[in-house]
Amino acid sequence: MRGKIVLSGLVLALSSAVSFAQSKPVVPNPGTVYCSGIVSNENVPRKAYVITGEESNYRIVYNVGDDVFFNRGSDDGVKEGDTFQVVRPVEDPYVVQWTAWEHHILRKMGTVWADEGRITVVTARPKVSIARVQNACDFIQRGDLVLPFTERATPSIKV
C-alpha cells in the first residue's frame, strides 16, 4: 500500500514539475512580429513607394543590405536615420473557395497586407531618399508601399 502511495506522489510531483516548466511565457522574436502582415479595411496611404534600387539595370528585387530609392525626400520631412516599413497588398491568385462565403468574409475584413521589410534612410535628397534594407521578410521590389515605421506590441506567448 505504501508503495502505491509513494508511486502516486512521485507521479504527481513529476507532472506538476513538467507543467510548471512549460508555463513560462515566451516573447516572440522581432521577425515574427514584424513579418506577420495585417488585414485592414482602412485606407493605406499610397503616396510613398519604392522607385528602384541599386544595380537596377539587372536587378528587380532587393534584400538585407541593399539600397533602395523611394519617392519622398527632405522636402517631405524625411531625414537621415528615419525608419520605414515596406508593405505590399496580397491577392489570392486562386478562385477556389475552401469554405462557404470565404471571398465574402475576406472582402468584409479588408485588404491583406504583407510586410516586406524595414528600411532606414541613409541619404535624404529634396525629392528622393536612399534607404538601406535593415530587415527583409521577403524580397522588396519596385512599387512596394513605404509607410512610417510603428512599433507593434509583442504579447507574451504561453507555450
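In this chain, residues are counted from 1 in sequence order.
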| Residues two or more places apart in sequence or in another chain: which of them pass ring pair (Phe, Tyr, Trp, His ring centres under 6.0 Å) with Phe149? | Tyr34
| task | Grab the two heavy atoms, one from Thr52 and one from Arg142, that are nearest each other, plus how far apart they are. | result | OG1-NE, 3.5 Å
Only pairs under 3.5 Å count here: list side-chain donor-acceptor contacts from residues 75-82, not counting sequence neighbours, and write none if there are none.
residue	atom	partner	partner atom	Å
Asp75	OD2	Lys127	NZ	3.4
Asp76	OD2	Gly73	N	3.4
Lys79	NZ	Asp82	OD1	3.4
Asp82	OD2	Lys79	N	3.0

| task | Mind checking the CH2-CG spacing from Trp113 to Leu145? Nearest 0.5 Å is all I need. | result | 5.0 Å
| field | Contact summary for Glu102 and Val96, nearest pair of heavy atoms | value | OE1-O, 4.2 Å
| query | For Phe69, what residues pass the ring pair (Phe, Tyr, Trp, His ring centres under 6.0 Å) criterion, not counting sequence neighbours? | reply | none
| message | Can you list everything that forms a ring pair (Phe, Tyr, Trp, His ring centres under 6.0 Å) with Trp98? Sequence neighbours excluded, please. | response | none
| Do other residues, nucleotides or ligands put more than 12 heavy atoms under 6.0 Å from Arg59 CZ? | yes
| remark: By ring pair (Phe, Tyr, Trp, His ring centres under 6.0 Å), Tyr62 pairs with (sequence neighbours left out) none
| query | How would you list, by chain and number, every residue that makes a side-chain contact (heavy atoms from CB on, under 4.5 Å) with Glu91, sequence neighbours excluded? | reply | none
| request: Tell me, please, which residues at least two apart from Arg132 pass side-chain contact (heavy atoms from CB on, under 4.5 Å). | output: Asp67, Val122, Gln134
| note | For Ser74 and Pro126 the tightest heavy-atom approach is OG-CA, 3.2 Å
| remark: residues 32-120 vs disulfide (SG to SG under 2.5 Å), sequence neighbours excluded, gives Cys35-Cys137
| said: Going by salt bridge (Lys or Arg N to Asp or Glu O under 4.0 Å), name the pairs with one or both residues in residues 106-116, residues two or more places apart or in two chains. | reply: Arg88-Glu116, Asp115-Arg152
| query | So which heavy atom on Val121 is nearest to which on Phe84, and how close? | reply | CG2-CE1, 3.6 Å
| field | All pairs passing ring-ring contact (aromatic ring centres under 6.0 Å, His included) where residues 36-59 contributes a residue, at least two apart | value | none
| Nearest-0.5 Å distance, CD1 of residue Ile130 to CD of residue Glu54 | 10.0 Å
| message | Between Leu106 and Val90, is there shared hydrophobic-cluster membership here, with clusters defined by ILVMFWY side-chain heavy atoms closer than 4.5 Å? | response | yes
| query | Does Ser129 use its side chain to pair, donor to acceptor, with the backbone of Arg72 at less than 3.5 Å? | reply | yes
| request: Please check if Met109 and Trp101 belong to a single hydrophobic cluster, counting links between Ile, Leu, Val, Met, Phe, Trp and Tyr side chain heavy atoms closer than 4.5 Å. | output: yes
| message | To the nearest 0.5 Å, what is the distance between CD1 on Ile140 and CD1 on Ile119? | response | 6.5 Å
Contacts table for residues 36-47: side-chain donor-acceptor under 3.5 angstrom, sequence neighbours left out:
residue	atom	partner	partner atom	Å
Ser36	OG	Val33	O	3.1
Ser40	OG	Glu42	N	3.0

| task | Tell me, please, which residues at least two apart from Glu151 pass salt bridge (charged side-chain N to carboxylate O under 4.0 Å, His left out). | result | none
